[in-house]
Structure formats: C-alpha cells, structure tokens
Amino acid sequence: MIRLVIAEEMPMLRGALVALLQMEPDFHVVAEVGHWDDLLPTALEYRPDVAVIDIDLPGTDGLTAVAKLRTCLPSCRLLVITSLGTTASLRRTLANQVDGYLLKDALPSDLTEAIRKLVAGQRVIDPQLALSPLDGPAPQLTPREVSVLRLTADGEDVRVIAQELHLSAGTVRNYLTAIVHKLGARNRVDAVRIARENGLI
C-alpha cells in the first residue's frame, strides 16, 4: 500500500485529489493539508511514501519548505504539482531535489502513474516539459532588466523606476512582465528572490 499526503490549498481541488487517489487499490491517503506550515509536521507524523504538493501553497516559500521536507524525511518521495509550466520554474524545483514535477492540467492517469514511478525509484517530469533544455544555461537578464529589478528589490514603485531610468511607466511594466516570465516567477517579489538566489542582482 502506497501511503500519500496531499498538500493543496483549495479545499475543493484537494478533496477531488483525495477522492481520485483513494479509488486506486494500492493507494491510501493518510493525511491532507492546505498550508506550508502544516506540511512538515504532518509528513513527520504520518511518514508517507509520497507527498503530492501544490508548489503555490500559502505560507512559507514553497521551495524552502520542500527542501526542509527532503532533509527531515528523505524516505518520502516528493511530487510537485503546479499550474506554472516554465522551464525556469522546473529548473528551480528540480534543484531542490524533488522527485517529480507535474502540471495541473495532466490527466488523472498521469498522476497515478507518476506516483507509482516515484515509488519505484524513478524521477518523473511532465511530458509537456520533458524536452525542455534543462541542462542548458539558466536564463539571464539583460543589463536594463537587472537595473529595473534592482530598483524593484529596493522597494521603488514603477513611477520612481521610470524616472530613475528615464523610461515610461509602461516600458518599466513591460520589463517587469518579461523578467517575471523569464525567471519562471509567480510575481515581482518572487522574481527578486529568484534573481538573488541565482546571483543575478
């Protein structure tokens, strides 16, 4: 019997995942959580074989929490599910030693197959991303993008950044949108964090 913990913020989706997985004869959902702060203590209490984790749970930064779970419970295989399907986000997730990465628009059969593969010791990457150039260089920012992001990191708003760099506010917003996409970030704050982690700013 494969013991599972489900970590998903939205109660309806979490309930659907639990119901789906409980239908499998070799699966047993031992616990479910909706917040990062509950994941580690719950996993340590129930010792699941696999944790199915929505990377966008509220609370502590997701990748930090995943790294802590990997350290504290190395026997638990980690399957991240996400709606963010960029190569940059996949690269960052795999760097935190997760075992699988699946997009939320995957088929239910893809999820159940992924869980069984993880238990068998395999790594699973969503088929839509399997051919991404993960071994190539990480995305880089242009000098102008670095300048915009540095000022954003300093807490400056779009108007001030535009004045400082002699740009229009619309151009600054376009730069920020491009930066967020290029880094596979969820928003500007996340982009600043990713850039700092990778020594880009």
Side-chain angles (χ1 to χ4, degrees), residues 1-11 13-22 24 26-130 132 134-135 138 183-186 190 193-194 197-198:
M1 187 67 71
I2 299 172
R3 295 163 54 81
L4 305 169
V5 163
I6 309 301
E8 161 61 48
E9 176 185 7
M10 301 178 69
L13 181 53
R14 187 169 68 245
L17 280 171
V18 170
L20 169 72
L21 295 173
Q22 290 282 51
E24 299 296 313
D26 53 337
F27 289 177
H28 178 47
V29 178
V30 294
E32 54 182 278
V33 300
H35 198 281
W36 279 120
D37 296 344
D38 299 325
L39 178 57
L40 182 57
T42 299
L44 290 174
E45 178 181 355
Y46 288 95
R47 309 289 234 185
D49 300 302
V50 178
V52 180
I53 306 166
D54 176 3
I55 201 65
D56 294 318
L57 284 176
T60 306
D61 170 63
L63 295 181
T64 300
V66 166
K68 286 182 179 177
L69 180 55
R70 164 62 72 212
T71 300
C72 295
L73 193 62
S75 63
C76 178
R77 306 283 280 170
L78 307 179
L79 175 61
V80 164
I81 56 173
T82 182
S83 55
L84 188 64
T86 66
T87 301
S89 65
L90 174 57
R91 190 193 307 272
R92 289 189 295 119
T93 305
L94 295 180
N96 279 265
Q97 301 179 28
V98 302
D99 305 294
Y101 186 100
L102 203 62
L103 297 179
K104 286 186 177 180
D105 61 0
L107 295 172
S109 58
D110 293 333
L111 175 60
T112 55
E113 181 183 3
I115 290 170
R116 292 187 178 100
K117 283 183 175 179
L118 293 185
V119 172
Q122 301 176 49
R123 170 171 271 188
V124 176
I125 297 176
D126 192 289
Q128 296 181 56
L129 295 165
S132 297
L134 295 177
D135 296 327
L183 296 180
R186 294 189 296 274
D190 196 34
R193 179 186 60 77
I194 295 166
E197 288 177 354
N198 288 276

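These figures come from a predicted structure and were not determined experimentally. Worth knowing before you read on, the calculation uses all heavy atoms, side chains too, and leaves out hydrogens, waters and symmetry mates.
- Proximity of a side-chain donor or acceptor of Asp99 to a complementary backbone N or O of Arg123 within less than 3.5 Å is not detected.
- Residue pairs meeting the side-chain hydrogen bond (donor to acceptor under 3.5 Å, both in side chains) criterion with at least one partner in residues 39-48, sequence neighbours excluded, do not occur; the list is empty.
- No donor-acceptor distance shorter than 3.5 angstrom exists from the side chain of Arg3 to the backbone of His28, with no hydrogens or angles considered.
- The closest donor-acceptor contact from the side chain of Arg116 to the backbone of Asp26 lies at 3.5 Å or more, if one exists at all.
- Atom CG in Leu118 sits 8.5 Å away from atom CG in Leu78 (nearest 0.5 Å).
- Note that the CG atom of Leu102 and the CD atom of Glu113 stand 10.0 Å from one another [nearest 0.5 Å].
- Taking the side chain as every heavy atom from C-beta outward, Arg14 and Leu17 never approach each other to under 4.5 Å.
- Within the 4.5 Å cutoff, the side chain of Val66 has heavy atoms near those of the Trp36 side chain.
- In this structure a side-chain-to-backbone donor-acceptor pair under 3.5 Å is missing from Asp49 to Ile2.
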**Steps toward salt bridge (charged side-chain N to carboxylate O under 4.0 Å, His left out) verdict (Lys117, Asp110)** = CA-CA 10 Å; Lys117 283 183 175 179; Asp110 293 333; over 6 Å; no
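- Under the rule for a side-chain hydrogen bond (donor to acceptor under 3.5 Å, both in side chains), the partners of Asp54 that lie at least two apart in sequence or sit in another chain are Lys104.
- One finds the CD1 atom of Ile53 at 13.0 Å from the OH atom of Tyr101 (value rounded to the nearest 0.5 Å).
- Counting only distance, with no hydrogens or angles, the side chain of Glu24 and the backbone of Thr112 share no donor-acceptor pair below 3.5 Å.
- Arg77 places no side-chain N or O within 3.5 Å of a backbone atom of Ala120 that could act as its donor or acceptor partner.
- Annotation for Asp190 and Arg193: closest pair OD1-NH2, 2.5 Å, computed over non-hydrogen atoms.
- Atom CD1 of residue Ile194 and atom CG of residue Leu183 lie 5.5 Å apart, to the nearest 0.5 angstrom.
- To the nearest 0.5 Å, atom CG of residue Leu103 and atom CD1 of residue Ile81 are 10.5 Å apart.
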